[in-house]
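Right, one structure below, let's go through it.
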Number of protein chains: 2
Amino acid sequence: MIDVAQRANVSTATVSRVLNNSSRVSAKTKQKVLQAIDELNYIPNASAKSLRSQKTRTIAVVVSDIHSSYFAEIVKGIENMANSRKYRIVICDTQNEREKEVEMMSLAMDRTVDAMVFVAPIISNDEIKAFVDRGYTVGIIGRHIEHPSIPCAYTDNVKISQEVIAHLLDKGHSRIAFLSGYADSTDSYERLEGYMKALTFAQLPYDQELVENGQFNENGGYEAFRRLWFKSLDITAIFAANDEMALGVYRACRELGITIPEQLTVIGVDNNRVAKYITPKLSTVEQPKYAMGALLVEKLIDQMNDNDFIDQRVFKVDSKLIIRESSSISIDRTGSVST
Amino acid sequence: MIDVAQRANVSTATVSRVLNNSSRVSAKTKQKVLQAIDELNYIPNASAKSLRSQKTRTIAVVVSDIHSSYFAEIVKGIENMANSRKYRIVICDTQNEREKEVEMMSLAMDRTVDAMVFVAPIISNDEIKAFVDRGYTVGIIGRHIEHPSIPCAYTDNVKISQEVIAHLLDKGHSRIAFLSGYADSTDSYERLEGYMKALTFAQLPYDQELVENGQFNENGGYEAFRRLWFKSLDITAIFAANDEMALGVYRACRELGITIPEQLTVIGVDNNRVAKYITPKLSTVEQPKYAMGALLVEKLIDQMNDNDFIDQRVFKVDSKLIIRESSSISIDRTGSVST
DNA sequence: AAACATATTGAAATCGATTTCACAAAATGC
DNA sequence: GCATTTTGTGAAATCGATTTCAATATGTTT
């Protein structure tokens, strides 16, 4: 920068002013400075910049598995919105490890980033609140946290369950199993709530045997389903907490010779890429992932740049049931089958 | 840091020495300093640190689509190795836009990162070389660049093609189409070379009509296949440049009523997640993605920390053909079919 | 006990930008 | 034409760490 200043015969202060359009600089000197910058191929040093300004214009996005289309879509929404606001994002993959999620907080603590977005985090609401109360800026996707300065974007899990179960009841099912994720995740809890509500609404009993927990991935679904199935509970339909788990159910069924949807109806959540390729095509629930990412990060950036801004903080977005082959068959009470 | 120094009754220099174990500090003062750090909950500022040290211990990983399992696995390899060397990585998704790939270079230019890893980049070798010659540190995955200071990890594309084609010839195919990616990508070029070599080896003619280019994704495969198919070339097998494209072929076939593998054999490359779920299961080629990522970044870090280090710079890793249902059928010259 | 080596520490310079403050030059008002 | 405001610019302080250099304290050798 000093070189630029010398070449343009001005002070570094002026160079800085030109770079940031901060205060008026005469057209003539501005021209000189720009030319010098160009000739020297000068690029301002990011560390120096953020050291002085105490801002990095960078947001960390913490996801548990970039591989999953759920996260990938959200990240795209975040990225595009962030870029349009001249923010950079860094994507942090925790590979489903709780410990790594905590580690990532150091990015905010050492001021590598200005803010963090946690997507469907593993850590508890209380931990996040404590973190925010220590002065860090955080946004959450996929969960709702009651806190005045934490923006959240999430889908109504209760409603998702209710719609799915209503659809299954409509198809004549009454023994509907629920493959849930980690028992203590908010998602799981809310979906279970919706599941129970829907049953109650249909005046069906809630049988705890029909609920099984597992990991939020293919193998989790596979194992949880096998535990369920070997209990011989006359299940005719499975509601899996996400499509990955539903794929695990598919695999188990293939091994066990159970045909979908004739012998078993399966529904997932996410509408991931595989869902529409696999045979039979998987019924699922679509969430506006891209929009959640974009909305949330826009809100977060607004919040960082204007502390008074106390607009809407919580985004509860709508989901949509997508009915495909895996839930295309109706059954009646006698056990006979019709398409 | 000044607070810490005051609380411990030492200078900031000493605090810094304690933090970095740089030079001898007496056990007693060290203890005092550590205690003060702990009590004040002090965390060094990353910007200041890297401004002074001219190092960020951060590596940018540029991929064209984090969603793809090809990239995701590589990134995991990179991340784990980088972390074990106390480096951070930032993942940059270019969403297949060439322009964004170029933009990402600014991360190195403004010293936000110490080095960049390009995974299967779109930009040309010459552009990358020019960048490196301007003093930036770069590693490449998925392509080979002849340059003394660019480490590369890649698979032998020629060999991949040869093995795939050999397998198909073995199954009795002689009209084998090749769905290539961008015509000017190195991958495409090398695979085409392997394709031609294999044909020559089998004393079959090379028919340019059988080669079609498309985008490296599902839709690219779909469209390229349709262009091919409507030329009515008596194709019995398709070799797609990656699994995504193969999935596009699947979709087109479903629409056109072509059965796989009875009427058409399909093989992809990548062994992505969908490949083993879809019906029929897709034959493909597995590359050691995780290992490529880890190897490359280890090399890159070594190179940054020791300029004399002129060990192996190029990693040509082995791939493996995975035969599944989509290529399970043999044909003979009379056109009859057997499993 | 003097001379010298070694261990420990602090003051101050430095990294490369931004920003405050002051001041000169130009523009405006009367 | 003089006072006043506005504009444009530079010198120097600052952000928060690291590192050099010098100074002091301690230990060792004769």
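We name chains A, B, ... by the order of the sequence lines, and we start the count at 1 in each one.
Summarising the geometry, the separation between NZ on B:Lys28 and P on C:dA7 is reported as 17 Å, rounded to the nearest angstrom. What separates CE of B:Met1 from C1' of D:dT18 is a distance of 8 Å, to the nearest Å. Residue A:Asn21 contributes atom CG, which lies 16 Å from atom C1' of C:dA17 at whole-angstrom precision. Atom-to-atom, CZ of B:Arg17 to P of D:dG16 comes out at 20 Å; the value is rounded to the nearest Å. Following rounding to the nearest Å, A:Arg24 (CZ) and D:dT6 (C1') show an atom-to-atom distance of 8 Å. As rounded to whole Å, 10 Å separates atom P of C:dA17 from atom CG of A:Asp3. Between the C1' atom of C:dA17 and the CZ atom of A:Arg111 lies a distance of 19 Å, rounded to the nearest Å. The distance from atom NZ of B:Lys32 to atom C1' of C:dT9 is 10 Å, rounded to the nearest whole Å.
For the helix from C:dA1-D:dT30 to C:dC30-D:dG1, the terminal axes (five pairs an end, C1' atoms, rotation from four pairs onto the next four) enclose an angle of 40°, given to 10 degrees.
Under the 4.5 Å side-chain criterion, counting only non-hydrogen atoms from C-beta, B:Phe216 is in contact with B:Ser188.
Checking B:His147 against B:Asn125 by side-chain atom types alone, no donor-acceptor pair falls below 3.5 Å.
B:Phe118 and B:Phe131 have perpendicular rings, their planes meeting at more than 60° on a 0 to 90° scale where under 30° would count as parallel.
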* To do: Go through the steps to decide whether A:Glu39 and A:Gln35 satisfy the test side chain to side chain donor-acceptor pair (under 3.5 Å), and finish with yes or no.
  => CA-CA 6 Å; A:Glu39 285 171 8; A:Gln35 186 178 339; 2.8 Å; yes
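For B:Ser16 and D:dT19, the shortest distance from a side-chain N or O to OP1 or OP2 is not below 4.0 Å. Residue A:Ser11 places none of its side-chain N or O atoms closer than 4.0 Å to OP1 or OP2 of D:dA11. The side chain of A:Ser26 places an N or O atom within less than 4.0 Å of a non-bridging phosphate oxygen (OP1 or OP2) of D:dT9.
Here the closest heavy-atom approach between residue B:Val132 and residue B:Ser149 is recorded as CG1-OG, 3.7 Å. Between B:Ser26 and B:Thr29, the shortest heavy-atom distance links the atoms OG-OG1, 2.7 Å.
B:Val25 comes within 4.0 angstrom of the backbone, heavy atoms only, and of no base. Residue-level contact check: B:Val15 touches neither bases nor backbone, having no heavy atom under 4.0 Å from any strand. No engagement by B:Asp110 is indicated, since no non-hydrogen atom pair under 4.0 Å with the nucleic acid exists.
Separating the CD1 atom in A:Ile301 from the NZ atom in A:Lys86 is a distance of 11.5 Å, to the nearest 0.5 Å. The distance from the CZ atom of B:Arg313 to the CD atom of B:Glu146 is 5.5 Å, given to the nearest 0.5 Å.
Under the rule for a side chain to side chain contact (heavy atoms under 4.5 Å, CB included), the partners of B:Glu127 that lie at least two apart in sequence or sit in another chain are B:Arg98, B:Ile123, B:Ser124.
Of the listed nucleotides (C:dG10, D:dT9, C:dT19), C:dT19 has the atom at the smallest distance from the side chain of A:Ala13.
Contacts between residues 42-55 of chain A and DNA chain D, defined by a heavy-atom separation under 4.0 Å, are made by A:Leu51, A:Arg52, A:Gln54.
Ion pairing between B:Lys100 and B:Asp93 fails under the 4.0 Å rule for side-chain N and carboxylate O.
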